[in-house]
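The block underneath contains the structure these notes are about, expressed in structure tokens.
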Amino acid sequence: MPRIHQLPHSVITKIAAGEVIERPASVVKELLENAVDAGSTRIDIDIEQGGTELIRVVDNGCGIQADDLTLAFSSHATSKLTSADDLFRVTTLGFRGEALASIGGVAQVTLQSRPESAEHGSEVFCNGGELSPIKAWNGTPGTRIEVRNLFFNTPVRRKFLRTVSTEFSHIDETFTRLSLAHAEMHLTLRHNNKVVYEVPQTATLLDRIGLFFGKDVRDRLFEVDQIAGPIHLRGFIADPAIERGTAKMQYLFINGRWIRDRSLGHAVQEAYRNLLMTGRYAVAFLFLDMPPEMVDVNVHPTKSEVRFRDAQALYHLMLSTVRDRLRREDLTARLHAPKVREGEMAASFATSGWSLTAPEPPAPPLPFDAPPLSVVDRIVQLPEGNAPLPPLPPRVSAVAPAAPELPPSTALEAAFNAGSKTAAAPPALPAPGVALKAIQLYDAYLVLETPEGMLVIDQHALHERILFEHFKRRIREGHLETQPLLVPEPIDLPPEQTARALEHKDALAELGLQIEDFGGGTLLLRSYPAILGNKSPQATLKAVVDHLVAKDRPPTREHLLNDLLSLMACHAAVRSGDRLTPEEISSLIAQRSLAENTHHCPHGRPTSLLFSKHELDRQFRRV
Ligand code: ADP
Ligand code: MG
């Protein structure tokens with residue numbers, strides 16, 4: 001029969017250390033947090049061999065008194081809170097009193113410190129939990145802590161460490177988070193005696209973002225600043241073109257602390273809905289400040305997750321702030337050419353989703369007497385300014401696959417006038433009175449001369465987005481034009497699909513698709529959205545039902561409408577490969593300037609790319 005016994009102190013510390021100290025970066029995080037809590041304005045960090053050999057953190061904070069030095073290494077010893085109530089209004093990064101005890105238990109630590117007022121400082125050495133006597137130390141005010149040979153007495157842990165560069169990359173990330181969270185601080189990071197970052201006190205948040213993530217990110221950020229009662233949300237969100245394959249670049253800080261939060265991360269993604277392709281993530285640097293009693297930080301050993309008193313209100317604040325900010329921007333993707341070597345011409349898209357990472361090979365030189373390249377189908381002179389648009393030719397063809405109808409421009413115009421005025425009109429169209437040239441290429445793209453540069457439009461993506469916004473607005477206003485069928489159309493579907501369609505009968509009715517159960521797996525379609533024109537309502541209904549069946553969980557009403565709308569918009573829009581008449585081209589382009597959010601299609605693909613005049617001039621060495 002195994003007997004119960006009290007564990008020796010050394011084992012207890014190692015167990016505790018296991019929770020907090022996973023790798024060198026965890027040590028760096030704890031030491032940096034202590035330096036911040038000490039009120040430092042400057043912190044210098046030296047790392048050797050990814051932190052496995054040495055981690056040294058020197059700060060100019062308040063220091064520790066000689067009598068407190070040994071206490072600093074005992075567990076549950078802290079200067080940051082005194083009563084249990086304090087746990088619910090934590091204003092410091094640390095409060096558990098466990099970090100130094102844990103680090104001291106699994107490494108060889110020298111702690112030297114001097115409070116500003118003290119005549120001289122003192123030092124103590126902690127060797128795997130064993131403390132040396134305290135000695136005098138002759139240093140400047142502040143604290144200097146050296147952690148050597150991490151996990152020297154826990155060989156298994158040491159074996160789990162990865163390569164020097166991997167361990168250092170974690171430290172780099174820890175440093176980045178702290179530098180962003182405390183943009184008022186001077187910070188330096190050195191690895192193996194080489195300076196990795198030197199962040200002066202004067203570097204603003206934006207400067208720091210530029211330093212850590214590059215100019216591409218820094219130059220494509222939009223500032224947000226929103227106050228809701230006691231809560232302040234501020235920071236920067238990136239143009240959707242700067243998206244990433246993971247959510248790692250969604251930085252979130254609560255009261256100066258970096259945290260992970262699924263719900264708030266979801267709110268950010270939700271705000272970018274229809275601007276990003278599936279599986280892509282927005283980039284954001286967001287700071288929430290609130291009274292400490294509104295957030296419980298005592299839920300996770302490394303304090304990287306928190307609990308909010310009113311998570312729902314925060315979710316909505318985040319969603320609406322980010323969404324409204326994005327609506328104010330013109331998000332037309334801009335084409336940027338990289339620096340080219342002499343004699344070589346290359347272009348690539350700045351947006352990662354679209355980037356041609358390797359520069360295009362230079363085009364072979366044309367034979368001397370080659371005929372001029374010609375891909376121009378037609379040139380259209382657009383009406384000036386907001387002059388009435390030419391009517392679209394009526395289409396009643398039944399046999400041949402007819403070019404689809406564009407929504408009547410007057411309806412769109414009316415909708416626009418009634419709709420939100422906050423959306424920025426895309427600036428890429430010329431001012432009234434300036435004529436504008438457009439051509440259709442490959443029956444798929446429209447190329448347009450604008451004052452800003454050459455705009456290339458994907459006709460399907462743009463029309464899809466215009467229809468999507470149009471549907472959405474009409475539904476919101478409660479008057480989506482529906483076309484009743486004089487004779488209801490019976491539609492046969494597999495039983496599962498019939499059942500699923502009937503389940504969502506109300507949502508479908510909102511979309512103008514009125515259905516009824518006819519029994520025996522047959523549905524009766526009574527009406528369809530007028531905007532579908534001569535697209536088959538049955539085909540649209542079938543596509544919509546297919547989509548419903550593909551969902552494993554019942555979607556929320558809002559998601560459902562959103563999905564179905566984008567599906568219907570896709571169905572009704574002109575296709576790539578459709579040759580457009582000059583009237584259709586001008587109508588489409590005119591609608592671009594009338595509708596909101598036309599820079600991305602509902603699936604998040606850009607609808608247009610801008611190759612700026614300046615970029616053209618630069619590429620042809622005119623400037
Ligand atoms: P906590 O930060 O949770 O209080 P720690 O184990 O990290 O626990 O630190 C214990 C105590 O040591 C802190 O409460 C603080 O008083 C003191 N301390 C640690 N590092 C520093 C520092 N760099 N400057 C001043 N005091 C420090
Ligand atoms: Mg601490």
Side-chain angles (χ1 to χ4, degrees), residues 17 20-36 38 40-61 99-100 102-113 123-128 137 139-140 142-183 185-203 207-215 217 248-249 251 258 302:
V20 192
I21 308 302
E22 187 196 346
R23 56 180 359 138
S26 345
V27 175
V28 175
K29 172 180 181 284
E30 294 297 336
L31 299 184
L32 286 181
E33 291 189 352
N34 280 346
V36 171
S40 313
T41 55
R42 174 175 183 141
I43 310 176
D44 294 285
I45 305 149
D46 264 290
I47 305 293
E48 275 170 31
Q49 299 306 109
T52 55
E53 293 306 310
L54 172 74
I55 295 166
R56 182 192 301 121
V57 175
V58 180
D59 69 48
N60 64 355
L100 284 187
S102 301
I103 298 166
V106 293
Q108 294 163 330
V109 185
T110 309
L111 173 61
Q112 302 166 316
S113 194
E123 71 171 26
V124 68
F125 178 64
C126 180
N127 185 4
W137 174 65
T140 49
T143 301
R144 187 174 183 280
I145 181 159
E146 272 186 12
V147 178
R148 289 184 188 273
N149 303 322
L150 183 64
F151 301 137
F152 78 102
N153 54 355
T154 49
V156 180
R157 260 291 152 109
R158 197 157 171 107
K159 273 207 206 94
F160 272 107
L161 292 177
R162 312 291 291 274
T163 59
V164 165
S165 66
T166 302
E167 292 305 338
F168 186 75
S169 72
H170 288 282
I171 292 175
D172 187 316
E173 179 63 26
T174 303
F175 181 87
T176 302
R177 289 172 187 164
L178 194 102
S179 310
L180 296 176
H182 296 276
M185 212 168 280
H186 182 149
L187 292 153
T188 63
L189 177 64
R190 272 187 299 264
H191 189 206
N192 297 336
N193 291 315
K194 276 208 215 67
V195 175
V196 182
Y197 297 113
E198 165 101 49
V199 191
Q201 194 161 17
T202 49
D207 296 335
R208 291 170 192 234
I209 293 173
L211 176 71
F212 296 120
F213 307 103
K215 196 173 163 330
V217 172
K248 235 189 99 191
M249 269 183 65
Y251 285 87
W258 174 87
T302 64

Inset, instruction - Name all pairs fulfilling the ring pair (Phe, Tyr, Trp, His ring centres under 6.0 Å) condition that reach into residues 150-173, sequence neighbours left out, sorted by first residue then second. - result: Phe168-His191
Legend entry - Test side chain to side chain contact (heavy atoms under 4.5 Å, CB included) applied to Ala38 - qualifying residues, sequence neighbours left out: Ser40, Cys62
Inset, instruction - Starting at CD1 of Ile43, measure out to OG1 of Thr143 and round the result to the nearest 0.5 Å. - result: 10.5 Å
Inset, instruction - With side chain to side chain contact (heavy atoms under 4.5 Å, CB included) as the test, would you mind laying out the steps for Val28 and Val57 before giving the verdict? - result: CA-CA 8 Å; Val28 175; Val57 175; 5.6 Å; no
Inset, instruction - List the steps and the verdict of side chain to side chain contact (heavy atoms under 4.5 Å, CB included) for Ile103 and Leu31. - result: CA-CA 10 Å; Ile103 298 166; Leu31 299 184; 4.1 Å; yes
Inset, instruction - Could I get the full list of side chain to side chain donor-acceptor pair (under 3.5 Å) partners for Thr52, not counting sequence neighbours? - result: none
Inset, instruction - State which residues pass side chain to side chain contact (heavy atoms under 4.5 Å, CB included) with Thr163; sequence neighbours excluded, sorted by chain then number. - result: Ser165, Thr166
Inset, instruction - Could you pull out the closest heavy-atom pair between Val147 and Ala107, with the gap in Å? - result: CG1-CB, 3.7 Å
Legend entry - Test side-chain contact (heavy atoms from CB on, under 4.5 Å) applied to Tyr197 and Leu187, Leu211, Thr188, Ile45, the passing residue: Leu211
Inset, instruction - Using side chain to side chain donor-acceptor pair (under 3.5 Å) as the criterion, list what pairs up with Asn153, not counting sequence neighbours. - result: none
Inset, instruction - Just jot down the side chain to side chain donor-acceptor pair (under 3.5 Å) partners of Asn60, sequence neighbours excluded, or say none. - result: Thr41
Inset, instruction - Name all residues meeting the side chain to side chain contact (heavy atoms under 4.5 Å, CB included) criterion together with Lys215; count only those two or more places apart in sequence or in a different chain, and write none if there are none. - result: Arg218, Asp219
Legend entry - Distance-minimising heavy-atom pair for Gly142 and Trp137: O-CZ3, 4.5 Å
Legend entry - Gln108 side chain near Glu146 side chain, heavy-atom distance below 4.5 Å: no
Inset, instruction - Look up atom CG in Asn34 and atom CG in Asp59, then write down how far apart they are to the nearest 0.5 Å. - result: 8.5 Å
Inset, instruction - Output every pair passing salt bridge (charged side-chain N to carboxylate O under 4.0 Å, His left out) with a member in residues 20-30, not counting sequence neighbours, ordered by first then second residue. - result: Arg23-Glu167, Lys29-Glu33, Glu30-Lys303
Inset, instruction - State, with a plain yes or no, whether a side-chain heavy atom of Phe175 is found less than 4.5 Å away from one of Val196. - result: no
Inset, instruction - Supply the atom-to-atom distance Cys126 SG to Ile145 CD1, rounded to the nearest 0.5 angstrom. - result: 9.5 Å
Legend entry - Nearest non-hydrogen partners of Met185 and Arg208, listed with the distance: O-NH2, 2.8 Å
Inset, instruction - Mind checking the CD-CG spacing from Gln49 to Asn192? Nearest 0.5 Å is all I need. - result: 4.5 Å
Legend entry - Pairs flagged by salt bridge (charged side-chain N to carboxylate O under 4.0 Å, His left out) wherever residues 149-163 is involved - sequence neighbours left out: Glu53-Arg158
Legend entry - Closest non-hydrogen atom pair, Thr110 against Phe125: OG1-CD1, 3.5 Å
Inset, instruction - Mind checking the CG-NZ spacing from Leu189 to Lys194? Nearest 0.5 Å is all I need. - result: 12.5 Å
Inset, instruction - Start with the C-alpha distance between Trp258 and Thr176, add both sets of side-chain angles, then the distance that settles side chain to side chain contact (heavy atoms under 4.5 Å, CB included), and finish with yes or no. - result: CA-CA 10 Å; Trp258 174 87; Thr176 302; over 6 Å; no
Legend entry - Heavy-atom pair with the smallest gap, counting every atom of Ile21 and Ser102: CG1-CB, 4.0 Å
Legend entry - Shortest non-hydrogen contact between Pro24 and Ile171, atoms and distance: CB-CD1, 4.1 Å
Inset, instruction - Could you pull out all residues at least two apart from Thr302 that satisfy side chain to side chain donor-acceptor pair (under 3.5 Å)? - result: His300, Ser304
Inset, instruction - Quick one: list whatever passes ring-ring contact (aromatic ring centres under 6.0 Å, His included) with Phe213, sequence neighbours left out. - result: Tyr251, Phe285
Legend entry - Pairwise distance CZ(Arg144) to CD(Gln112) - rounded to 0.5 angstrom: 5.0 Å
Inset, instruction - Would you sort out whether Val124 and Val109 count as a side chain to side chain contact (heavy atoms under 4.5 Å, CB included), showing the intermediate values? - result: CA-CA 8 Å; Val124 68; Val109 185; over 6 Å; no
Inset, instruction - Using the test salt bridge (Lys or Arg N to Asp or Glu O under 4.0 Å), find all partners of Asp46 that sit at least two apart in sequence or belong to another chain. - result: Arg56, Arg190
